[in-house]
Amino acid sequence: MVERIVVGARYGLRDWLAQRITAVIMAVYTVVVLVSLVGGRPITYAVWKDLFAQGWMRVATLLFAASFAWHAWVGMRDILMDYVKPTGVRLALEVAVLLVLASYLGWTIQILWR
């Protein structure tokens, strides 16, 4: 008889879909940034400042950062669940990952609207 260990009933299709949607959002953002910067002019601080002075770019960047954080969280959680067996160590690492991702997202917000 094989003993099954259930670690979470909500994982599966939702997380698979989240990975795909966040990856598409990040890919589209990357293309938009590249297209915005390609124009024959050199990329200087003034060009970056003008690009990020626009509200739509700030919102798009925040959406990218949130997508990146969610994408990273799902991936890291899955890696930790697969390879770190002691529950206490896994929980501590998951909390550390969440704190780092949340601080990066907060830092992004501070940079965009400061």
Side-chain angles (χ1 to χ4, degrees):
M1 178 183 238
V2 175
E3 182 179 334
R4 292 181 182 237
I5 300 173
V6 178
V7 293
R10 65 181 184 87
Y11 308 128
L13 179 62
R14 185 174 109 181
D15 290 338
W16 178 86
L17 193 58
Q19 286 290 92
R20 278 29 180 208
I21 291 170
T22 55
V24 168
I25 289 169
M26 291 185 293
V28 168
Y29 176 84
T30 301
V31 169
V32 167
V33 169
L34 290 175
V35 167
S36 297
L37 293 175
V38 174
R41 58 189 174 162
I43 302 170
T44 63
Y45 175 75
V47 171
W48 276 106
K49 187 175 178 183
D50 290 343
L51 180 62
F52 284 93
Q54 302 173 42
W56 70 268
M57 189 60 181
R58 288 181 180 180
V59 172
T61 302
L62 182 59
L63 180 61
F64 172 86
S67 296
F68 180 83
W70 192 358
H71 191 91
W73 164 244
V74 171
M76 287 302 299
R77 189 203 61 226
D78 288 351
I79 290 169
L80 293 172
M81 285 174 32
D82 286 345
Y83 295 107
V84 180
K85 296 305 176 190
T87 305
V89 174
R90 185 175 65 237
L91 180 61
L93 290 171
E94 287 175 350
V95 168
V97 168
L98 278 173
L99 289 174
V100 167
L101 291 173
S103 66
Y104 286 164
L105 195 54
W107 191 17
T108 300
I109 292 168
Q110 181 184 17
I111 289 169
L112 289 172
W113 277 280
R114 190 168 188 196

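For clarity, every value in this text was computed on a predicted model and none was experimentally measured.
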*Asks:* Without placing hydrogens or testing angles, list every side-chain donor-acceptor pair under 3.5 Å for residues 97-114, not counting sequence neighbours.
*Replies:*
from   : atom 1 : to     : atom 2 : distance (Å)
Ser103 : OG     : Leu99  : O      : 3.2
Ser103 : OG     : Val100 : O      : 2.7
Thr108 : OG1    : Tyr104 : O      : 2.8

*Asks:* Looking only at atom types and distance, does a side-chain atom of Arg90 sit under 3.5 Å from a main-chain N or O of Met81, one as donor and one as acceptor?
*Replies:* no

*Asks:* Between Val89 and Met76, is there a shared hydrophobic cluster once you connect ILVMFWY residues whose side-chain heavy atoms come closer than 4.5 Å?
*Replies:* yes

*Asks:* Please find the pair of heavy atoms, one from Phe68 and one from Met26, that lie closest to each other, and give the distance.
*Replies:* CA-SD, 3.6 Å

*Asks:* Test of understanding: clusters of I, L, V, M, F, W, Y form through side-chain heavy atoms closer than 4.5 Å, transitively. Do Val31 and Trp56 belong to the same one?
*Replies:* no

*Asks:* May I ask whether Val84 and Leu91 are part of the same hydrophobic cluster, defined by side-chain heavy atoms of I, L, V, M, F, W, Y residues being less than 4.5 angstrom apart, directly or through others?
*Replies:* no

*Asks:* Report yes or no: do Leu62 and Tyr29 belong to one cluster of Ile/Leu/Val/Met/Phe/Trp/Tyr joined by side chain heavy-atom distances under 4.5 Å?
*Replies:* yes

*Asks:* Starting at CH2 of Trp48, measure out to CD1 of Ile43 and round the result to the nearest 0.5 Å.
*Replies:* 6.5 Å

*Asks:* Please evaluate residues Val59 and Leu63 with respect to the criterion side chain to side chain contact (heavy atoms under 4.5 Å, CB included), reporting the C-alpha separation (whole Å), side-chain torsions for both, the decisive distance (0.1 Å), and the verdict.
*Replies:* CA-CA 6 Å; Val59 172; Leu63 180 61; 5.5 Å; no

*Asks:* Could you give the distance from OG1 (Thr44) to CG (Asp50), rounded to the nearest 0.5 Å?
*Replies:* 8.0 Å

*Asks:* Which atom pairs, one a donor and one an acceptor, fall under 3.5 Å between side chains of residues 33-40 and the rest of the protein, sequence neighbours left out?
*Replies:*
from  : atom 1 : to    : atom 2 : distance (Å)
Ser36 : OG     : Val32 : O      : 2.8

*Asks:* Can you give me the closest heavy-atom contact between Arg58 and Ala53, atom names plus distance?
*Replies:* NH2-CA, 4.4 Å

*Asks:* What heavy-atom pair brings Asp15 and Arg77 nearest, and what distance separates the two atoms?
*Replies:* OD2-NH2, 2.5 Å

*Asks:* If every non-hydrogen atom of Val47 is compared with every non-hydrogen atom of Pro42, which pair is closest and at what distance?
*Replies:* CG2-O, 3.6 Å

*Asks:* Drop me the distance from Gln19's CD to Trp73's CH2, to the nearest 0.5 angstrom.
*Replies:* 12.0 Å

*Asks:* Nearest 0.5 Å, what's the CD1-CD distance between Ile79 and Glu94?
*Replies:* 11.5 Å

